[in-house]
K.L.:
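Below is one structure. I have some questions about it.
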Amino acid sequence: MRSFEEDIVAKWKKPLELFDEKDVVRICAPMVRYSKLPFRCLVRRYGCDLACTPMIISDSFVQSVKARDSDFTTNLLDRPLTVQFAARCGKDLADATEIIVPFADGVDINCGCPQRWAMKAGYGACLIKNPELIHDMVKQTKSRVQTDFPVSIKIRIHNDTRRTVEMCQRAEQAGVSWITVHGRTIEQRSEPCSLETIKLIKDSVAIPVVANGDIRSEADIADVCAKTGVNGVMAARGILSNPAMYAGFDSLPLQCLQDWLDLSLSLGISFTHFHHHLIYMLEKVLCKPERRVFNTLRSIPAVLNYLEENFGISMTKDSELTKRSENRLTIS
């Protein structure tokens, strides 16, 4: 008879297996501060096929035990998992990847973060201006890990579409496993994503392509896939406000709130993160005066009282599966 842990492991699908077996792989984006362990566990209950960690700075991760303990936590249910690193040289990325291989199912290179601090430090979206460096990062990392351990990249697009296509083809030649395309340039924020560019990339490479940007519902997924032919979609803001979106819910189900309480408080989370997730989830549920009251709450007991009084939910003993797997796996 298989052990409890072996039974869970037997259910994992590696990322490339997902792309082989599913028409559309549904992915939770790497979101700074937000896509931590409790939230990843939550979205996995609601149709998320693959989840990503928040962006982790590779050199700090390699050099500091404190950084590893702070930035990376997982557990038995947190699979399949892709760890996203911000790196500015191949050695840092390869070193960091070697550390996380036993705990994850792939590594992703952040080539899309447009924040000024990241680009000034040589991370994120500035990498799309240096396709040779992306090529070297992929090559060095692939040479350090098992051949079946995926290395992916997440990019933004250039104003010149041809440059984007050439960069993606160069990454494919280096051995990248799939490419996630946020269909906006570095300068763009709320403008519509360029589905035309995503389609062109998809038609120009033989590896899976994932569309990112403006994914908020099953209708959006169907529309994007029909127009681009991509192999997967990645949601960020949409899944923050409705973690059950991949399960086909157009609005937040009450059970999802209940699950968030049980998971976040049993696995451990700061009040700020616990509260901010609920602010996103309740944004379309509460009216403006109610949001004003909820947003000013300053403690977990205050939030729990509010949810019990207004929604009739409170923390319960979670499922046996979660209780037995709630011990965190950390890297020393």
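Predicted model, so just to flag it, every value in this text is computed and none were measured.
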K.L.:
Under a 3.5 Å cutoff, is there a donor and acceptor pairing between the side chains of Ser152 and Asp108?
P.N.:
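Side-chain D/A pair, Ser152 to Asp108: present.
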
K.L.:
Hydrophobic clusters here meaning ILVMFWY residues chained together by side-chain heavy-atom distances under 4.5 Å, can you tell me if Leu81 and Trp178 are in one?
P.N.:
no

K.L.:
Please tell me if the side chains of Leu127 and Leu133 come closer than 4.5 Å, counting only heavy atoms from C-beta onward.
P.N.:
yes

K.L.:
For Asp20, does the CG atom sit with more than 12 other heavy atoms under 6.0 Å from it, leaving out its own atoms?
P.N.:
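Atom CG in Asp20 is crowded, with more than 12 foreign heavy atoms closer than 6.0 Å.
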
K.L.:
If only side-chain N and O atoms count, and only distance matters, is there a donor-acceptor pair under 3.5 Å linking Gln140 with Asp136?
P.N.:
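Result is yes, a qualifying pair exists.
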
K.L.:
Do Arg79 side-chain atoms and Trp12 backbone N/O form a donor-acceptor pair below 3.5 Å?
P.N.:
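Looks like no, no N/O pair under 3.5 Å.
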
K.L.:
Would Thr53 and Ile56 count as a side chain to side chain contact (heavy atoms under 4.5 Å, CB included) here? Give the steps.
P.N.:
CA-CA 8 Å; Thr53 68; Ile56 299 171; 4.0 Å; yes

K.L.:
Does Ser60 offer a backbone N or O that forms a donor-acceptor pair with the side chain of Ser64 under 3.5 Å?
P.N.:
no

K.L.:
Give a yes or no on whether Leu18 and Met245 share a hydrophobic cluster (residues Ile, Leu, Val, Met, Phe, Trp, Tyr; joining criterion: side-chain heavy atoms under 4.5 Å apart).
P.N.:
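Shared cluster, no.
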
K.L.:
Considering only NZ, NE, NH1 and NH2 on the basic side and carboxylate oxygens on the acidic side, decide whether Glu283 and Lys288 come within less than 4.0 Å.
P.N.:
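No salt bridge links Glu283 with Lys288.
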
K.L.:
Which residue in the set Thr97, Ile153, Val151, Ile109 passes side-chain contact (heavy atoms from CB on, under 4.5 Å) when paired with Met137?
P.N.:
Ile109

K.L.:
On a heavy-atom basis, which atom in Met55 and which in Cys113 lie closest, and how many Å separate them?
P.N.:
SD-CB, 4.4 Å

K.L.:
Just by modelled atom types, is the Val107 backbone N or O under 3.5 Å from a matching donor or acceptor in the Gln84 side chain?
P.N.:
no

K.L.:
Linking I/L/V/M/F/W/Y whenever their side-chain heavy atoms sit closer than 4.5 Å, directly or via other members, would Leu37 and Val43 fall into one cluster?
P.N.:
yes

K.L.:
Go through Leu254 and Ile313 one step at a time and tell me if the side chain to side chain contact (heavy atoms under 4.5 Å, CB included) criterion holds.
P.N.:
CA-CA 8 Å; Leu254 192 62; Ile313 64 172; 4.0 Å; yes

K.L.:
Transitively linked via ILVMFWY side-chain contacts under 4.5 Å: Ile279 with Phe271?
P.N.:
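Yes, Ile279 connects to Phe271 through the hydrophobic network.
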
K.L.:
Could you give the distance from CD1 (Ile27) to CE (Met234), rounded to the nearest 0.5 Å?
P.N.:
5.0 Å

K.L.:
Where the side chain of Arg44 meets the backbone of Pro80, is there a donor-acceptor pair that is under 3.5 Å apart?
P.N.:
yes

K.L.:
Roughly how far apart are Ile128 CD1 and Met119 CE, rounded to 0.5 Å?
P.N.:
7.5 Å

K.L.:
Please report the interatomic distance CZ(Arg40) to CE(Met31), rounded to the nearest 0.5 Å.
P.N.:
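Arg40 CZ to Met31 CE: 10.5 Å, rounded to 0.5 Å.
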
K.L.:
Indicate yes or no: at least one non-hydrogen side-chain atom of Leu282 is less than 4.5 angstrom from one of Leu307.
P.N.:
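Yes; the side chains approach each other to less than 4.5 Å.
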
K.L.:
Please say whether more than 12 non-hydrogen atoms of neighbouring residues, nucleotides or ligands are located less than 6.0 Å from OH in Tyr280.
P.N.:
no

K.L.:
What's the verdict on side chain to side chain contact (heavy atoms under 4.5 Å, CB included) for Val83 and Cys52, showing C-alpha distance, side-chain angles and the deciding distance?
P.N.:
CA-CA 6 Å; Val83 178; Cys52 304; over 6 Å; no

K.L.:
Go through the steps to decide whether Lys14 and Asp105 satisfy the test salt bridge (Lys or Arg N to Asp or Glu O under 4.0 Å), and finish with yes or no.
P.N.:
CA-CA 6 Å; Lys14 293 182 178 181; Asp105 304 286; over 6 Å; no

K.L.:
Step by step, would you call Gln255 with Asp259 a side chain to side chain donor-acceptor pair (under 3.5 Å)?
P.N.:
CA-CA 6 Å; Gln255 183 60 46; Asp259 290 341; 2.9 Å; yes

K.L.:
Hey, do the aromatic rings of Phe294 and His275 have their centres closer than 6.0 Å?
P.N.:
yes

K.L.:
Does Arg170 pair with Glu132 as a salt bridge, N-O distance under 4.0 Å?
P.N.:
yes

K.L.:
Any side-chain to backbone donor/acceptor pair from Asp78 onto Thr74? Under 3.5 Å, distance only.
P.N.:
no

K.L.:
Quick one: does Arg156's side chain have a donor or acceptor within less than 3.5 Å of a partner on Val181's backbone?
P.N.:
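Not a single qualifying donor-acceptor pair exists.
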
K.L.:
May I ask you to test the Ile221-Arg26 pair for a side-chain heavy-atom distance under 4.5 Å?
P.N.:
yes

K.L.:
Under a 3.5 Å distance rule, please check whether Thr141 uses its side chain to pair with a backbone N or O of Val138 as donor and acceptor.
P.N.:
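Flag not set: sc Thr141 to bb Val138 has no pair under 3.5 Å.
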
K.L.:
Enter the distance from Leu267:CG to Leu265:CG here, rounded to the nearest 0.5 Å.
P.N.:
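Leu267 atom CG to Leu265 atom CG measures 9.5 Å (nearest 0.5 Å).
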
K.L.:
CG of Asp23: more than 12 outside heavy atoms within 6.0 angstrom?
P.N.:
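No - once you tally the heavy atoms of other residues, nucleotides and ligands closer than 6.0 Å, there are 12 at most.
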
K.L.:
Applying the side chain to side chain donor-acceptor pair (under 3.5 Å) test to Arg184, which of Glu187, Gln188, His182 qualifies?
P.N.:
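Of all the options given, the one that passes is His182.
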
K.L.:
Could you check whether atom CZ of Arg116 has more than 12 heavy atoms from other residues, nucleotides or ligands sitting under 6.0 Å from it?
P.N.:
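Result for CZ/Arg116: open.
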
K.L.:
For atom CD of Gln146, is the number of surrounding heavy atoms from other residues, nucleotides or ligands below 6.0 Å larger than 12?
P.N.:
no

K.L.:
Would you check, one step at a time, whether the test side chain to side chain contact (heavy atoms under 4.5 Å, CB included) holds for Asn110 with Phe85?
P.N.:
CA-CA 6 Å; Asn110 187 316; Phe85 284 116; over 6 Å; no

K.L.:
Taking the side chain as everything from C-beta on, heavy atoms only, tell me whether Ser177 gets closer than 4.5 Å to Ile207.
P.N.:
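Side-chain contact under 4.5 Å: no.
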
K.L.:
What pairs with His158 under ring pair (Phe, Tyr, Trp, His ring centres under 6.0 Å), at least two apart in sequence or on another chain?
P.N.:
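For His158 there are no ring pair (Phe, Tyr, Trp, His ring centres under 6.0 Å) partners, ignoring immediate neighbours.
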
K.L.:
Using a 4.5 Å cut-off on heavy atoms from C-beta on, say whether the side chain of Leu42 contacts that of Met281.
P.N.:
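In contact.
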
K.L.:
Taking the six-membered ring where the residue is Trp, are the ring centres of Phe39 and Tyr34 under 6.0 Å apart?
P.N.:
no

K.L.:
Counting N and O atoms only, with roles assigned by atom type, does the side chain of Glu308 sit under 3.5 Å from a partner on the main chain of Asn305, one being a donor and the other an acceptor?
P.N.:
no

K.L.:
I want to check something: taking the side chain as every heavy atom from C-beta on, are Ile201 and Val230 in contact at a cut-off of under 4.5 Å?
P.N.:
no

K.L.:
Flag the pair Leu50 / Thr82 as yes when at least one side-chain heavy-atom distance between them is below 4.5 Å, and no otherwise.
P.N.:
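Contact flag for Leu50/Thr82 side chains = yes.
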
K.L.:
Same cluster or not: Phe72 versus Ile57, using hydrophobic residues (I, L, V, M, F, W, Y) connected whenever any side-chain heavy atoms lie under 4.5 Å apart?
P.N.:
no

K.L.:
How many angstroms lie between CZ in Arg33 and OG in Ser270, if you round to the nearest 0.5 Å?
P.N.:
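Result: 11.0 Å between the selected atoms.
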
K.L.:
Got a donor-acceptor contact below 3.5 angstrom from the Ser70 side chain to the Lys66 backbone?
P.N.:
no

K.L.:
Between Gly175 and Lys142, which heavy-atom pair has the shortest distance, and what is it?
P.N.:
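Answer, listing the atom of Gly175 first, then Lys142: O-CE, 3.5 Å.
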
K.L.:
Tell me, which pairs form a salt bridge (Lys or Arg N to Asp or Glu O under 4.0 Å) where one or both residues lie in residues 47-61, sequence neighbours left out?
P.N.:
Lys22-Asp49, Asp59-Arg88

K.L.:
Is the closest basic N to carboxylate O distance between Glu21 and Lys13 below 4.0 Å?
P.N.:
yes

K.L.:
Using 0.5 Å steps for rounding, measure from the NE2 atom of His277 to the CG atom of Leu240.
P.N.:
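It comes to 6.5 Å.
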
K.L.:
Does the side chain of Asn242 pick up a donor-acceptor pair with the side chain of Lys284 at under 3.5 Å?
P.N.:
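No pair is found: no donor N or O on one side chain lies under 3.5 Å from an acceptor on the other.
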
K.L.:
Under 6.0 Å from the CZ atom of Arg144, do we count more than 12 heavy atoms belonging to anything else shown?
P.N.:
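More than 12 heavy atoms, drawn from other residues, nucleotides or ligands, come within 6.0 Å of this atom.
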
K.L.:
Would you say Phe61 and Asp92 make side-chain contact, with heavy atoms under 4.5 Å?
P.N.:
no

